2 protein chains.
Amino acid sequence: MAGTNLVGPEVDALELGVVLRALADGHRRSVMTELAADRTDSERGCNSFDLPISKQTQTHHFRILREAGLIDEIDYGNRKGIRLRRTDVESRFPGLLALLEAEHQDGTAPR
Amino acid sequence: MAGTNLVGPEVDALELGVVLRALADGHRRSVMTELAADRTDSERGCNSFDLPISKQTQTHHFRILREAGLIDEIDYGNRKGIRLRRTDVESRFPGLLALLEAEHQDGTAPR
DNA sequence: ACTGAGGTACGATGCAAGACGTACCTGAAG
DNA sequence: CTTCAGGTACGTCTTGCATCGTACCTCAGT
C-alpha cells in the first residue's frame with residue numbers, strides 16, 4: 001500500500017547527455033511534455049498516457065526516464081505511479097521543462 | 001571565394017524532436033557546447049573542434065546539425081565554415097543554448 | 001484459493017544510426 | 001599542370017535501441 005520509490009540519480013548526478021538521449025524518443029518526449037504542462041505535478045498512472053505500444057515497451061521507456069532523473073516511479077506492486085521531478089530538473093537544467101511545455105501546445109502529434 | 005550557404009530549415013520549421021536527436025550524440029553536443037559558449041559567433045573551420053573521428057564521419061555529424069537547423073554550413077569548395085544560428089535557435093527554443101553553454105563549463109569530457 | 005489486470009524480467013528481432021574504406025571532387029599553392 | 005589538403009558520395013559493417021513474445025510476479029476482488 002505504501003509504495004516504494006524506485007531509485008533514480010541524485011540531483012547533482014543528472015547528466016545532460018543522458019537526459020537528451022531520453023528526450024530524443026518521441027514516445028518518451030510526449031510523456032514529458034504532458035507532465036511538464038501539468039503544473040499540479042500530481043502523481044499519474046502510467047497508462048494515463050495511452051501510448052500506442054505494448055506494456056513491456058512502456059516499462060522500458062519509463063525506466064529510461066527514471067534513470068535519466070526526469071521522473072519518479074512509485075511501485076505499488078501491481079501498479080505504478082509516475083511523478084515529474086520538476087524541482088530537480090528545473091534546478092539542474094533551468095528552462096528545459098519550459099521547452100517541453102511549449103511543445104505540448106503545438107498539438108499532440110509525437111515524433 | 002564567396003562561399004555558398006548550404007540550405008537548412010527555416011526558423012518556423014525547426015522541430016524539437018529533430019533538434020533533440022541531433023543533440024543526443026556526444027560529438028555533436030560537444031560541437032554545440034563550444035559554439036554556444038563563444039559569444040562572438042564567429043565563423044569557425046570544422047576541424048577546429050578536433051573531434052576524434054574520421055572526416056567522413058565529421059561530414060555526417062555536421063550535416064545532422066545543419067538539417068536540424070542548429071548551424072549554418074558555408075561551402076567554399078575545398079573547405080567549409082561553421083556558424084551557430086544563435087538568433088534562430090534562441091527565438092524558437094529559448095534557453096536551449098544556455099543549457100549547452102552551462103555544460104561547456106563542466107569540463108570538456110564528452111559523452 | 002482462484003482469477004484477472006498491471007507490471008517486470010529475459011531473450012530475440014528488426015531497423016536506424018555511427019563509423020569507416022574507397023573513390024572522387026574542389027580550390028589553393030607550387 | 002601537378003600536387004595536396006579539405007570535403008563529399010556511396011557502400012558496408014557494426015552497434016545501439018525500440019519493439020515485442022513468453023513467462024512470471026504482485027495485489028485486489030470475488
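When reading the values below, keep in mind they use all heavy atoms of this one structure, side chains included, and skip hydrogens, waters and symmetry mates. Being a predicted model, the structure only gives us computed values, none of them experimental. Each chain gets a letter, A, B and so on, in the order its sequence line appears, and its residues count up from 1.
A straight line from CD1 of A:I74 to C1' of C:dG7 spans 15 Å, rounded to a whole angstrom.
For B:H27, a side-chain nitrogen or oxygen approaches OP1 or OP2 of C:dA19 to under 4.0 Å. The phosphate of D:dT8 (OP1 or OP2) has a side-chain N or O of B:T59 nearer than 4.0 angstrom. Residue B:S54 has no polar side-chain atom (N or O) positioned under 4.0 Å from OP1 or OP2 of C:dA19. Remark: B:H61 is in phosphate contact with C:dA19, judged by side-chain N or O atoms under 4.0 Å from OP1 or OP2. Distances shown here put every side-chain N or O of B:T57 at or beyond 4.0 Å from the OP1 or OP2 atom of C:dA19. A:R63 has a side-chain polar atom (N or O) that falls below the 4.0 Å cut-off from OP1 or OP2 of C:dA9. Here B:R28 reaches the OP1 or OP2 of C:dG18: one of its side-chain N or O atoms lies under 4.0 Å away.
The closest donor-acceptor contact from the side chain of B:R29 to the backbone of B:L100 lies at 3.5 Å or more, if one exists at all.
Comparing A:I53 and A:R79 by the nucleotide of DNA chain D whose heavy atom lies nearest to each, the residue mapping closer to the 5' end is A:I53. Heavy-atom nearest nucleotides on DNA chain C were determined for A:Q56 and for A:N78, and the one closer to the 5' end corresponds to A:N78.
For A:D25, taking side-chain heavy atoms from C-beta onward, the closest of the listed nucleotides D:dC17, D:dA18, C:dG6 is D:dA18.
One donor-acceptor pair, N or O on each side, does fall under 3.5 Å between the base of C:dG7 and the side chain of A:K55. Judged by distance alone, with hydrogens and angles left aside, B:Q58 brings no side-chain donor or acceptor close enough to the base of D:dG7 to form a pair under 3.5 Å.
The closest side-chain heavy-atom distance from B:L70 to B:L35 is not below 4.5 Å. When side chains are defined from C-beta on, A:L6 does not count as touching A:R63, because their heavy atoms never get closer than 4.5 Å.
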Take A:E73 and A:I82, measure what side chain to side chain contact (heavy atoms under 4.5 Å, CB included) needs, and give me the verdict at the end. CA-CA 5 Å; A:E73 288 184 293; A:I82 300 293; 3.9 Å; yes
